[in-house]
There are 2 protein chains.
Amino acid sequence: MARTPTTFDVFNAVAEPRRREVLSVLASGESPVGDIVSTLGWPQPQVSKHLQVLHQVGLVTVRRQGRQRLYRINGPEIKPIYDWAATFERFWDHQLAAIKKRAEQKANFTIPPAGRSPGDAVNN
Amino acid sequence: MARTPTTFDVFNAVAEPRRREVLSVLASGESPVGDIVSTLGWPQPQVSKHLQVLHQVGLVTVRRQGRQRLYRINGPEIKPIYDWAATFERFWDHQLAAIKKRAEQKANFTIPPAGRSPGDAVNN
DNA sequence: TTGACATATTCCGATATGGGGATATAATTT
DNA sequence: AAATTATATCCCCATATCGGAATATGTCAA
């Protein structure tokens with residue numbers, strides 16, 4: 001098999017940075033494709049294609065108005081990501097506390113060695 | 001070009017559902033690879049490979065202990081996702097409020113027409 | 001009906017992926 | 001040193017992706 005398809009879920013759809021940019025533009029409100037194109041300065045087909053992906057996973061909504069298509073963010077679909085990340089909230093809160101504690105101990109008892117600080121992702 | 005590499009950023013690393021499963025396991029605390037393998041029941045190389053991706057983007061930290069490698073979640077790296085999603089918080093809050101408002105108006109003033117409700121992702 | 005405007009779709013090619021399986025590296029025990 | 005345990009790496013391949021460019025579809029106006 002290969003990588004999880006972009007339309008598999010919201011996480012995959014949003015992984016593409018360009019798609020997050022599109023969502024940023026739409027954060028200002030409902031907008032026709034043309035406006036997004038001129039705001040971002042990308043070729044129109046690219047914008048349309050990214051919008052299709054966002055639409056397939058439900059992150060945006062479309063509405064026709066004359067020859068335009070007005071896209072709008074579908075907020076609730078973003079919440080799962082928020083909720084998932086929130087699951088790990090204690091990991092950055094706790095870590096902050098731990099770092100603070102270590103900093104205090106160093107300041108009180110030792111002269112810090114000229115090495116890496118604990119918690120670094122080194123170790124290879 | 002092709003798709004954004006999985007090691008490009010945290011969003012791409014986490015897009016893979018299996019990788020989120022690995023993080024879930026690590027949420028219970030620091031763990032050697034073998035434990036993750038037996039918990040998830042996947043082939044060991046797969047687990048190692050996913051761990052490498054998570055490590056490259058900084059989502060986990062490694063520490064050697066004898067012949068084992070103990071992996072641990074690196075919380076702060078998850079926060080950017082949380083922060084990004086939080087940017088759109090108003091979109092699901094507002095939408096809730098709007099739905100509520102519409103429901104009240106319908107109940108008070110009209111007999112609802114047998115059509116779609118506004119905001120539907122239909123229109124194709 | 002012809003033309004202009006707005007958007008979507010198709011075809012192309014290079015690329016990184018993830019799983020499978022085999023094997024390499026590293027640390028420990030006997 | 002040899003065997004064992006723990007983990008990482010390598011090779012192979014089917015697949016979906018993204019951008020580019022061209023073109024199709026749809027809608028409105030004259």
Side-chain angles (χ1 to χ4, degrees), chain A residues 1-23 25-26 30-57 60-72 121-124, chain B residues 1-23 25-26 30-57 60-72 121-124:
Chain A
M1 293 180 191
R3 200 169 169 182
T4 310
T6 46
T7 54
F8 178 75
D9 64 9
V10 185
F11 287 90
N12 283 277
V14 151
E16 169 66 30
R18 308 258 174 190
R19 232 118 55 196
R20 293 202 297 279
E21 290 190 62
V22 171
L23 287 177
V25 174
L26 287 177
E30 194 183 42
S31 164
V33 179
D35 284 13
I36 306 177
V37 168
S38 47
T39 298
L40 293 174
W42 306 345
Q44 174 266 316
Q46 311 287 16
V47 174
S48 278
K49 279 188 271 187
H50 284 306
L51 283 169
Q52 298 327 304
V53 175
L54 292 173
H55 184 242
Q56 278 189 54
V57 299
V60 299
T61 277
V62 213
R63 175 168 79 91
R64 300 191 190 198
Q65 191 181 55
R67 27 186 156 177
Q68 329 199 74
R69 303 223 180 172
L70 304 178
Y71 283 87
R72 175 198 289 263
V122 189
N123 242 28
N124 311 306
Chain B
M1 294 180 186
R3 198 168 170 183
T4 310
T6 46
T7 53
F8 179 76
D9 64 9
V10 186
F11 287 91
N12 281 277
V14 150
E16 169 65 30
R18 309 258 174 189
R19 232 119 53 196
R20 293 201 299 279
E21 289 190 62
V22 172
L23 288 177
V25 174
L26 287 178
E30 194 183 42
S31 165
V33 179
D35 284 13
I36 307 177
V37 168
S38 47
T39 298
L40 292 175
W42 305 344
Q44 174 266 317
Q46 310 287 16
V47 173
S48 278
K49 279 189 269 186
H50 284 305
L51 283 170
Q52 298 326 304
V53 174
L54 292 173
H55 184 242
Q56 278 190 52
V57 299
V60 298
T61 276
V62 212
R63 176 167 79 92
R64 300 188 190 200
Q65 191 181 54
R67 28 184 158 180
Q68 328 200 73
R69 302 224 181 171
L70 304 178
Y71 283 88
R72 174 197 289 265
V122 190
N123 244 25
N124 311 305

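Both backbone and side-chain heavy atoms feed into the values below; hydrogens, waters and symmetry mates do not. Naming convention: chains lettered A, B, ... in sequence-line order (proteins, then strands); numbering from 1 in each chain.
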Roughly how far, to the nearest 0.5 Å, is the [atom2] atom of [Y] from the [atom1] atom of [X]?
X: A:E21; Y: A:W42; atom1: CD; atom2: CH2; answer: 4.5 Å
X: A:Q52; Y: A:T6; atom1: CD; atom2: OG1; answer: 12.0 Å
X: B:N12; Y: B:R19; atom1: CG; atom2: CZ; answer: 9.0 Å

Quiz item: Which pairs count as salt bridge (Lys or Arg N to Asp or Glu O under 4.0 Å) when at least one residue sits in residues 2-15 of chain A, sequence neighbours excluded?
Solution: A:D9-B:R20
Practice problem: Scan residues 30-47 of chain B for pairs that pass salt bridge (Lys or Arg N to Asp or Glu O under 4.0 Å), counting only residues two or more places apart or in two chains. | Solution: B:E30-B:R63, B:E30-B:R72
Quick one: [X] [atom1] to [N] [atom2], roughly how many Å, whole number?
X: A:H50; N: D:dG20; atom1: NE2; atom2: P; value: 10 Å
X: B:H55; N: D:dT7; atom1: NE2; atom2: P; value: 15 Å
X: B:L51; N: D:dT9; atom1: CG; atom2: P; value: 11 Å

Self-check item: Closest to side chain of A:Q52, choosing from C:dT9, D:dT7, D:dT15
Solution: C:dT9
Quiz item: In chain order, what residues pass the side-chain hydrogen bond (donor to acceptor under 3.5 Å, both in side chains) check against A:Q44, with sequence neighbours excluded?
Solution: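 Here the qualifying residues are A:S48.
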Quiz item: Between D:dA8 and B:Y71, is there an OP1 or OP2 to side-chain N/O distance shorter than 4.0 Å?
Solution: yes
Quiz item: Considering only heavy atoms from C-beta outward, does the side chain of B:V60 approach that of B:L23 to under 4.5 Å?
Solution: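 Result yes, sub-4.5 Å side-chain heavy-atom pair found.
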Quiz item: Taking C-beta and beyond as the side chain, do A:L51 and A:R69 meet within less than 4.5 Å on heavy atoms?
Solution: no
Self-check item: Under 4.0 Å protein heavy-atom contacts per nucleotide of nucleotides 20-30 of chain C, with B for base, S for backbone only and - for none
Solution: BBB----SSS-
Quiz item: Taking the nucleotide of DNA chain C with the closest heavy atom to each, which residue, B:R3 or A:L70, is nearer the 5' end?
Solution: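 Per heavy-atom nearest nucleotide, the more 5' residue is A:L70.
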Self-check item: Verdict with reasoning, B:Y71 to B:V47, per side-chain contact (heavy atoms from CB on, under 4.5 Å)
Solution: CA-CA 12 Å; B:Y71 283 88; B:V47 173; over 6 Å; no
Self-check item: Proximity to DNA chain C (any heavy atom under 4.0 Å), residues of residues 30-42 of chain B only
Solution: none
Quiz item: By a strict heavy-atom criterion of less than 4.0 Å, which residues belonging to residues 4-20 of chain B are in contact with DNA chain C?
Solution: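 The answer is B:P5, B:T6, B:E16, B:R18, B:R19.
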Quiz item: Which atom names give the shortest non-hydrogen contact between A:A15 and B:F11, and what distance separates them?
Solution: CB-O, 3.9 Å
Quiz prompt | Closest non-hydrogen atom pair between A:I36 and A:L26, with its separation | solution =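 The answer is CD1-CD2, 3.9 Å.
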Quiz item: In terms of the nearest nucleotide of DNA chain D, which residue is placed more toward the 5' end: B:A2 or A:A2?
Solution: A:A2
